[in-house]
Amino acid sequence: QLKDIAVDKKSNIYFGVGKHVVILNAENEEKIIEPLGMGRENSYVQCLAVDKNDNLWIGRDNDLLVKYNGEKYKTYPIWNVNGIDFSADGDIWVSEKSSLYRIKNNVVEEFGYDNSILQGFEINDLLVDDYDNLWIATNSGLVKYNNHVWIIFNTENSKLKDNQVSVINWDKNGSLIVGTRSGNAQIIKNNKWQEINLGVKDQTINAIYRDSKGILLLGTDSGLLAYK
């Protein structure tokens, strides 16, 4: 099962598949990373992210957050991570199913009942866009956060087709691409919503990436789809 896709500055492509991370370099040479961090038998890759220093961050269920610099692993005390991204000022945003965290100056802050609107929400993914907005994919809709302001987009107040948002991606065109558990995908740009017809139903979209040719790559429970 393909769960996530990430790319670094050297054009290495990272695929999170099962318990492994598959690395495909610019020469199409393949390498598999295993084990990851603590290497627990029931630990599966949930998300991948590459920071400005080309470190690969790996979130897994039943295990700790991992940073991989190409040679060594470093673990962080946040479990079951399913979303990772980085703000312009270097903050690291991390999510697991029921909690949101920000790592700022090596201090971990949790966003819970007292300082967010995420009470009872199940988090599936997150990202920071080019305008430093934090977007959060949840089973109750799409959430946007910036400067202590929270906004929820759902099927009642927006053109979102399914409240169970499984994955989100920000591309170089300034578009937010949204995937759902029912197989719907949409592009949001300049407050306009465009639906993508993938020809699949009832397949969770787990990963989204737009390549340099403008082709959308979407990882689903059944494999990889390409859309242009």
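Everything numeric in this text was worked out from a predicted model, so none of it was measured.
Closest approach of N157 to N154, counting heavy atoms only: OD1-N, 2.8 Å. Nearest heavy atoms, N124 versus S166: CB-O, 3.5 Å. The two atoms that bring V94 and I103 nearest to each other are CG2-CD1, 4.3 Å, heavy atoms only. The heavy-atom pair separating S175 from K189 by the smallest distance is OG-CD, 3.3 Å. Across all their heavy atoms, L118 and S116 have their closest contact at N-OG, 3.2 Å. Taking every heavy atom of both residues into account, A185 and I205 meet most closely at CB-CD1, 3.9 Å.
No side-chain heavy atom of V7 sits less than 4.5 Å from a side-chain heavy atom of V50. Residues Y145 and L126 have side chains not in contact (no heavy-atom distance under 4.5 Å, counting atoms from C-beta outward). The shortest side-chain heavy-atom distance between V17 and I32 does not fall under the 4.5 Å cut-off. I188 is not listed as a side-chain neighbour of K159, based on a closest heavy-atom distance of 4.5 Å or more. Here the side chains of I5 and N169 are not in contact, with every heavy-atom distance at 4.5 Å or above. By the 4.5 Å heavy-atom criterion applied to side chains, W170 and D85 are not counted as neighbours. Between W79 and L64, some side-chain heavy-atom pair lies under the 4.5 Å cut-off. L160 places a side-chain heavy atom less than 4.5 Å from the side chain of W193.
Rounding to the nearest 0.5 angstrom, the gap separating the CD atom in Q194 from the CD1 atom in I187 is 4.5 Å. Taking CG of N12 as the reference point, atom CD of E29 lies at 10.0 Å (rounded to 0.5 Å). Summarising the geometry, atom CD1 belonging to I123 is positioned 5.5 Å from atom OG belonging to S95; distances are rounded to the nearest 0.5 Å. To the nearest 0.5 angstrom, D63 atom CG is 8.5 Å from T75 atom OG1. The CG atom of D129 lies 11.5 Å from the OG atom of S87; values are rounded to the nearest 0.5 Å. For the atom pair CZ (R102) and CG (D91), the distance works out to 5.5 Å, reported to the nearest 0.5 Å.
K97 and D61 are not joined by a salt bridge, as no carboxylate oxygen comes within less than 4.0 angstrom of a charged side-chain nitrogen.
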Show the numbers, then the answer: is there a side chain to side chain contact (heavy atoms under 4.5 Å, CB included) between F153 and W135? CA-CA 11 Å; F153 298 92; W135 295 88; 3.8 Å; yes
Any chance you could lay out the side chain to side chain contact (heavy atoms under 4.5 Å, CB included) test for Y73 and I33, step after step, and finish with the verdict? CA-CA 11 Å; Y73 301 104; I33 301 176; 2.5 Å; yes
Full working for side chain to side chain donor-acceptor pair (under 3.5 Å) between T138 and S140: CA-CA 5 Å; T138 81; S140 300; 4.6 Å; no
Could you walk me through whether L65 and I84 pass the side chain to side chain contact (heavy atoms under 4.5 Å, CB included) check? CA-CA 9 Å; L65 172 66; I84 310 164; 3.5 Å; yes
Check the pair L218 / I196 against side chain to side chain contact (heavy atoms under 4.5 Å, CB included), numbers first and verdict last. CA-CA 11 Å; L218 300 104; I196 303 173; 5.8 Å; no
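By the neighbour-count criterion of 12 heavy atoms within 6.0 Å, atom CD of E156 is sparsely surrounded, having that number or fewer from other residues, nucleotides or ligands. Around the NZ atom of K172, the shell of radius 6.0 Å holds no more than 12 heavy atoms that belong to other residues, nucleotides or ligands. Annotation: N106, atom CG; neighbour count of heavy atoms from other residues, nucleotides and ligands within 6.0 Å does not exceed 12. The 12-atom threshold is exceeded at NZ of K104, counting heavy atoms of other residues, nucleotides or ligands nearer than 6.0 Å.
Looking only at distances, no side-chain donor or acceptor of T204 sits under 3.5 Å from a matching main-chain atom of N206. Side-chain atoms of N163 come within 3.5 Å of backbone atoms of T155 as a donor-acceptor pair (strictly under, hydrogens ignored). The backbone N or O of R210 sits nowhere less than 3.5 Å from a side-chain atom of D171 that would complete a donor-acceptor pair. At distances below 3.5 Å, at least one donor-acceptor pair connects side-chain atoms of K9 with backbone N or O atoms of K52. Checking side-chain atoms of N184 against main-chain N and O of K161 turns up no donor-acceptor pair under 3.5 Å. With hydrogens and angles ignored, the 3.5 Å screen pairs no side-chain donor or acceptor of D4 with any backbone N or O of G16. Remark: the backbone N or O of K10 is paired with a side-chain donor or acceptor of D8 at under 3.5 angstrom. Between the side chain of N190 and the main chain of K192, no donor-acceptor pair closer than 3.5 Å is present.
Note: F111 and W150 have perpendicular aromatic rings, judged against thresholds of 30 and 60 degrees for the angle between ring planes.
Note: the hydrophobic cluster containing L2 does not contain V167 (ILVMFWY, side chain heavy atoms under 4.5 Å, direct or indirect links). Under the 4.5 Å side-chain heavy-atom criterion for Ile, Leu, Val, Met, Phe, Trp and Tyr, Y209 and L24 are members of the same hydrophobic cluster. Taken together through direct or relayed side-chain contacts under 4.5 Å among Ile, Leu, Val, Met, Phe, Trp and Tyr, V81 and I58 form parts of separate hydrophobic clusters. Transitive grouping of hydrophobic side chains (ILVMFWY, heavy atoms separated by less than 4.5 Å) keeps Y14 and W57 in distinct clusters. V165 and I151 fall within a single hydrophobic cluster, where Ile, Leu, Val, Met, Phe, Trp and Tyr are joined by side-chain heavy atoms under 4.5 Å apart, directly or via other members.
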